[in-house]
Every structure is written in structure tokens, then in C-alpha cells.
Enquirer: 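Let me give you the structure first, and then I'll get to my questions.
In each ligand, atom 1 is the first atom listed, and ligand 1 is the first ligand listed.
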Amino acid sequence: MNFVQNRTTVLGFNDNWKPDLSNVTSTALDLKNDWNPRYIILGIAALILFFIWTKSAELQNPSRLPVIGRKWYELGYGKARRRFQTGAPRLVKDCLEKYGDAFYLYTDSKFHLILSYKYADAIRYDNRLSFMKAIQQKLNNGVHGFEPHAHMSSDKRFLRDMVKQVLTRSLASVIEPINSECDDALRRNWSDSDESQEFMLKETMWKILGQIISKTYFNDESVHRNPEWIRLSTEYIKESFVAAHELRSWPKPIWGLVANFHPRTKFVRRQLKQIRQLLKPFLLKLDEAKEGKESKTPIEWLHNAFQGQSPDIVSMIISLCMVSYDAGTEAVTHLISDLSGKDQLIHDLRAEILDVVGKEGFTKSSLQNLTLMDSVMKESQRLHPESYLLMQRQALEEVTLPDGIVIPKDTLLMISATHMMMDSSVWSDGDKFDGYRFFNLRQKSDKAAQASHYYVTTSPEQIAFGHGNQACAGRFFASYLIKIILCHILLKYDFSVKAPEEGRSRIARIQLLRIRG
Ligand code: HEM
Ligand SMILES: *[C@@H]1O[C@H](CO)[C@@H](O)[C@H](O)[C@H]1NC(C)=O
Ligand SMILES: CC(=O)N[C@H]1CO[C@H](CO)[C@@H](O)[C@@H]1O
């Protein structure tokens with residue numbers, strides 16, 4: 001049978017692999033011309049397969065919630081998957097309106113329990129609903145070349161510990177490195193010339209953020225100012241996600257085998273090998289450094305924490321880059337696009353920077369006092385979250401929500417983020433960008449309520465960083481990083497962004513940035 005070829009167009013996870021029934025049934029229909037008993041057997045086999053396959057998509061639904069999957073007349077879940085893939089935000093929003101705050105939706109390969117933001121508080125401290133478990137099966141494919149992916153979803157949660165203990169605890173100490181590296185990275189990439197230049201926005205941002213973030217992780221010029229490192233690390237991150245995605249369209253048992261022939265996986269393996277080679281001298285230096293030294297960078301922390309356990313430090317380092325490069329670059333790229341052409345807002349931001357940072361340079365207090373900038377960042381994030389479905393969780397055991405909804409063990413769930421930007425149910429003129437929105441809300445609220453409008457504060461209304469004890473661990477670091485970069489860009493350059501080219505993937509989206517020094 002040829003379902004292996006047929007299936008490669010399907011995106012999503014391993015259980016997408018299903019027999020192609022359209023072929024099977026059309027063969028069975030030839031029956032009337034030729035009474036060969038082989039066709040009857042084939043027909044029965046097709047029916048049995050069909051039965052097993054329909055069964056496999058069934059779900060436990062003890063609370064009898066609405067189930068939105070295939071329509072009764074549809075064969076299989078292909079159409080349901082396509083509806084989700086081509087129009088998820090609209091589909092989710094429509095379902096919320098039609099079926100209420102909790103329902104099952106067939107996404108790209110499975111049923112997920114979708115909850116409205118009203119449940120965000122109810123689940124935020126519930127560790128029986130695990131973020132790691134939910135992303136593990138998507139990230140850990142066990143194939144050589146993807147080790148950093150597995151580390152990203154590691155049960156040890158070393159990423160969270162590392163970010164909290166090193167980056168968040170000593171946030172003040174990353175300010176100066178970010179500031180000086182910003183200066184260098186912008187000079188290298190955008191030059192000091194007065195002439196206007198054009199760049200692909202996302203591409204140039206990857207390079208600039210790659211260098212600045214690497215400085216705070218390595219603090220070693222042979223790495224963070226090495227063009228090879230910037231190129232290899234950013235390429236590996238982008239390509240390996242696409243490669244993993246492509247591999248998932250094959251049946252799980254043969255991933256390892258397919259990987260050996262899959263061009264993108266082979267490419268990704270070569271990249272990882274080159275990265276190991278490139279980091280060797282740096283790691284040797286770390287080994288030679290005195291033991292018991294206090295860890296100043298996340299990588300020193302890793303090295304100390306896992307000493308003597310011969311772990312794959314390189315994969316761990318890449319996994320740290322994976323959680324930060326892409327999200328950070330995405331945030332700055334959206335900010336530059338959102339600011340483009342808003343002359344009054346840019347003028348006010350520049351005035352704020354000169355007023356606040358002009359006094360005492362970059363300090364914790366001056367960064368906190370950039371309140372208009374904080375508002376613009378939160379507004380941009382509100383309109384461009386990573387996804388329309390956030391707070392992914394998987395139930396480690398049966399959980400009952402306060403209103404009685406029973407979530408069976410192993411259920412995958414997500415919280416809808418459509419209320420953040422698709423209507424005005426929570427935010428007035430919710431689909432429009434208003435850089436002053438959170439600035440004004442802060443002015444209007446009393447002291448206690450002010451903090452709820454900070455960029456780093458999560459709430460059911462704003463779940464772009466998640467919400468609760470599994471929320472983004474790097475958001476305090478990201479906030480400093482983005483503020484310092486924006487200060488440099490706003491003070492040094494004029495910019496305008498042309499409309500993004502349609503139809504490309506999020507990773508490869510193209511925007512043009514015009515810069516005048
Ligand atoms: C503005 C950029 C960023 C955005 C929008 C973002 C967003 C997120 C989101 C949505 C989650 C999942 C939370 C959940 O579903 O409940 C997450 C988790 C995480 N993020 Fe970020 N992130 C950003 C930047 C960063 C940076 C710069 C770092 C590292 C320095 C980082 C480290 C992490 C870690 C370690 C986790 C896993 C938390 C855990 O283990 O529970 N993030 N982030
Ligand atoms: C930040 O704001 C506080 C309160 O308005 C003020 O006391 C402090 O001097 C400001 N710091 C800077 C660096 O502007
Ligand atoms: C176009 C350009 O000059 N890009 C540079 C930006 O900075 C990175 C990191 O230092 C370099 O590798 C690029 O060559």
C-alpha cells in the first residue's frame with residue numbers, strides 16, 4: 001500500500017499516520033465488475049481498519065462536554081484537521097461563542113480540551129496539569145540530532161532552575177553586558193553610516209539578538225562575537241524545528257530510520273556536530289577554571305551543577321538558546337513593526353528614554369521607570385502572542401475543576417487566547433494597537449492594581465507568558481533585554497517597515513526595515 005507517500009502532506013504528530021481510506025474504498029467499489037473473493041476480503045479489511053481508526057480518535061468525556069471534531073457525514077478527521085490548520089483562531093472563537101467555556105476540539109492530530117480564559121486562575125497552580133508533559137511528546141523524538149529538543153522538555157527542569165537562579169536572581173548584573181553588546185551588535189549589523197539601508201527585519205534581528213543574548217550566556221568573545229557561532233546556533237534552531245516537524249509525519253517506529261535519509265535531519269546533524277566542535281575550546285576553559293567559583297553566567301551554573309555527571313552540556317546550552325532566541329526575536333520584530341509609522345508614539349518614547357535613562361543610565365530603577373515603553377511592549381505582546389492557544393497542559397491524574405468539570409488522566413488541554421486580541425470582551429477596541437493603553441490604565445489604577453499592568457505580570461486577561469507557577473521563567477530577563485535594545489534602536493535609528501509578505505511560515509516571514517543612522 002502506498003499510504004506512506006500519501007501521508008507526507010499531513011502536518012502534525014505521529015498519530016496522523018492513518019491508512020488512506022479513499023484508495024481502499026475505491027478499490028472495493030470495483031466489486032460489481034469482478035466477483036473476486038479477494039475484493040470481499042479487502043472490503044472487510046477496510047471496514048475493520050475504518051472501525052479501529054474511528055475508535056482511536058474517540059475520547060473519554062465524563063462531563064459530557066461538546067465535542068467538535070469531524071461532522072457525522074465526514075470520513076475520518078482529515079477535514080477537521082484542515083479546518084483547524086487553516087482557521088484556528090476563528091474556529092476557536094466561534095466554538096467559544098457557540099458551545100461555552102469548555103469543549104473538546106480536534107486540532108492537528110488529537111482532541112484537546114479547550115478552556116476559556118475564565119479557567120486560567122483555576123489551573124494556574126495545579127501541578128497535576130503539567131506543561132512539560134504536554135510538550136514532551138512533541139519535542140522528544142529520541143532521534144539523534146534532536147538532543148537539544150529533548151533537553152527543552154526535560155523533567156529535571158534545569159532550564160527553569162538555571163534561568164531563575166542565575167538570570168532572574170542577579171538581573172542587575174546582566175544590564176551592563178546587554179548594553180555594551182547592543183552597541184556592538186547594532187554597529188556590526190546596521191553600521192554607523194548615514195545612508196539608508198534595507199534589511200530583512202526578522203533575519204537581521206536574529207543576528208543582533210543572537211549576539212546580545214549569547215554575551216549574557218557565555219561572556220566569551222570567542223563565542224558570542226564569533227559569526228560562525230551566531231550562524232550555526234540560529235540555523236540549527238530554525239532548521240531543527242522544521243526537520244522535527246517533517247519527521248513527525250512518518251510513523252513513529254521508523255523515525256530513527258527515516259532520519260538517516262531525511263536531508264534536513266542530515267543537515268541538522270551536521271550543524272550540531274559543528275557546534276560541538278566550535279564550543280570545545282570554550283568548554284575546556286570552563287573545565288580548567290577553578291572549582292567552587294560562583295556561577296556568574298547560566299552556562300557556568302550548568303557546568304557546576306552537572307559536574308561529574310558527564311551530561312551533554314552542548315545540547316543543554318542549545319536548549320537554553322531555543323527558549324530565548326526565538327521568543328525574544330519575535331517580540332522585538334513585532335515591536336519594530338508595530339511602532340513603524342507611529343510618529344507621535346516614537347516621539348514620546350524617545351522623550352521618556354532621554355528623561356529616565358538620561359539621568360542615571362541603565363539601572364534597575366531606570367528600566368522600571370520606562371513605563372510608556374513597558375506599556376508598548378505589553379500591547380504588542382497582547383496582539384501577537386506565540387499562539388492563539390496557550391497554557392498547554394497534560395493531566396498527570398484525574399483532575400476536577402472547581403465547577404465540577406472532570407479532566408481525565410492524560411487529557412491534553414489549552415487555554416484560548418482569542419479574548420486577548422480578537423474582540424473587545426476584555427480590552428476595549430481589543431483588535432487595535434494602542435501603545436498608551438497600559439500606560440493609561442496604570443495612571444488610573446490605585447497602587448495595588450498598578451502591577452497588574454506591568455509587562456512581566458501575567459493574568460487571565462494576558463496569558464502570553466502563560467500564567468501561574470509554570471509560566472515563562474525568562475520574562476524578567478526578556479523585559480530588561482527588550483527595553484535596552486529598544487532604547488538603542490529608538491535613539492540611534494529611524495526605521496520603517498514594509499508590509500510582511502503573505503503566505504510564508506512564521507519562521508521565514510519577510511519584512512523590510514529601512515534604517516537611517
Ligand atoms: C518575550 C519573549 C518570551 C515569550 C513571549 C515567552 C513565552 C513563554 C511561554 C508562553 C511559556 C510557556 C508557559 C505556559 O504555557 O504556561 C514559556 C516558558 C518558558 N520560558 Fe519563555 N518566553 C519568552 C522569553 C524567554 C526567555 C528570554 C527565556 C530564557 C532566558 C525564557 C525561558 C522560559 C523557560 C525556561 C520556560 C519554561 C518554564 C517552565 O519550565 O515551567 N523565555 N515562555
Ligand atoms: C524612578 O521613579 C521613582 C518614583 O517616581 C523616582 O523616585 C526615581 O528617582 C526614578 N528613578 C529614575 C532613575 O528615574
Ligand atoms: C550584515 C552583518 O554585518 N551582519 C553581522 C551582524 O552581526 C553578527 C554577529 O556579530 C555577524 O556575524 C554578522 O556578520
Enquirer: Between Arg157 and ligand 1, is there a nitrogen or oxygen pair with a distance under 3.5 Å?
Expert: yes
Enquirer: Is atom 11 (N) of ligand 2 near the protein, in the sense that some protein heavy atom lies at less than 4.0 Å from it?
Expert: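 Within 4.0 Å of atom 11 (N) of ligand 2, protein heavy atoms are found.
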Enquirer: Give, for atom CG of Leu272 and atom OG of Ser315, the distance between the pair rounded to the nearest 0.5 Å.
Expert: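 So the gap between those two atoms works out to 5.5 Å.
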Enquirer: Tell me whether ligand 1 is touched by Tyr217 - counting only heavy atoms on the residue side and a distance under 4.0 Å.
Expert: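 It does; at least one heavy atom falls under 4.0 Å.
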Enquirer: Considering only heavy atoms, which of Cys321, Gly474, Ser319, Ser479 lies nearest to atom 28 (C) of ligand 1?
Expert: Gly474
Enquirer: Does the protein put a heavy atom less than 4.0 Å from atom 2 (O) of ligand 2?
Expert: yes
Enquirer: Could you tell me the residue and atom name of the protein heavy atom closest to atom 13 (C) of ligand 1, and the distance to it rounded to 0.1 Å?
Expert: Gln470 O, 3.6 Å
Enquirer: What protein heavy atom sits nearest atom 21 (Fe) of ligand 1, and how far away is it?
Expert: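 Ranking protein heavy atoms by distance from atom 21 (Fe) of ligand 1, first comes Cys472 SG, 2.3 Å.
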Enquirer: Ring of Phe476, cation from Lys164 - is the NZ or CZ under 6.0 Å from the centre and inside 45° of the axis?
Expert: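 No, Lys164 does not lie over the aromatic ring of Phe476.
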Enquirer: Could you tell me whether Arg160 and ligand 1 have an N or O pair separated by under 3.5 Å?
Expert: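 Yes, at least one N or O pair falls under 3.5 Å.
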Enquirer: Please confirm whether Lys238 makes a cation-pi placement over Trp206, using NZ or CZ under 6.0 Å from the six-membered ring centre and within 45° of the ring normal.
Expert: yes
Enquirer: State the atoms of ligand 2, each with its element, that fall below the 4.0 Å cut-off from a heavy-atom position in Ser365.
Expert: 11 (N), 12 (C), 13 (C)
Enquirer: Do ligand 1 and Arg393 have nitrogen or oxygen atoms that lie under 3.5 Å from each other?
Expert: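 Yes; at least one N/O pair falls below 3.5 Å.
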Enquirer: After noting the C-alpha distance and the side-chain angles of Ser366 and Thr363, does the key distance pass the side chain to side chain donor-acceptor pair (under 3.5 Å) rule?
Expert: CA-CA 5 Å; Ser366 69; Thr363 59; 3.3 Å; yes
Enquirer: Show which atoms of ligand 2 fall inside a sub-4.0 Å distance from at least one heavy-atom site of Asn369.
Expert: 1 (C), 2 (O), 3 (C), 8 (C), 10 (C), 11 (N), 12 (C), 14 (O)
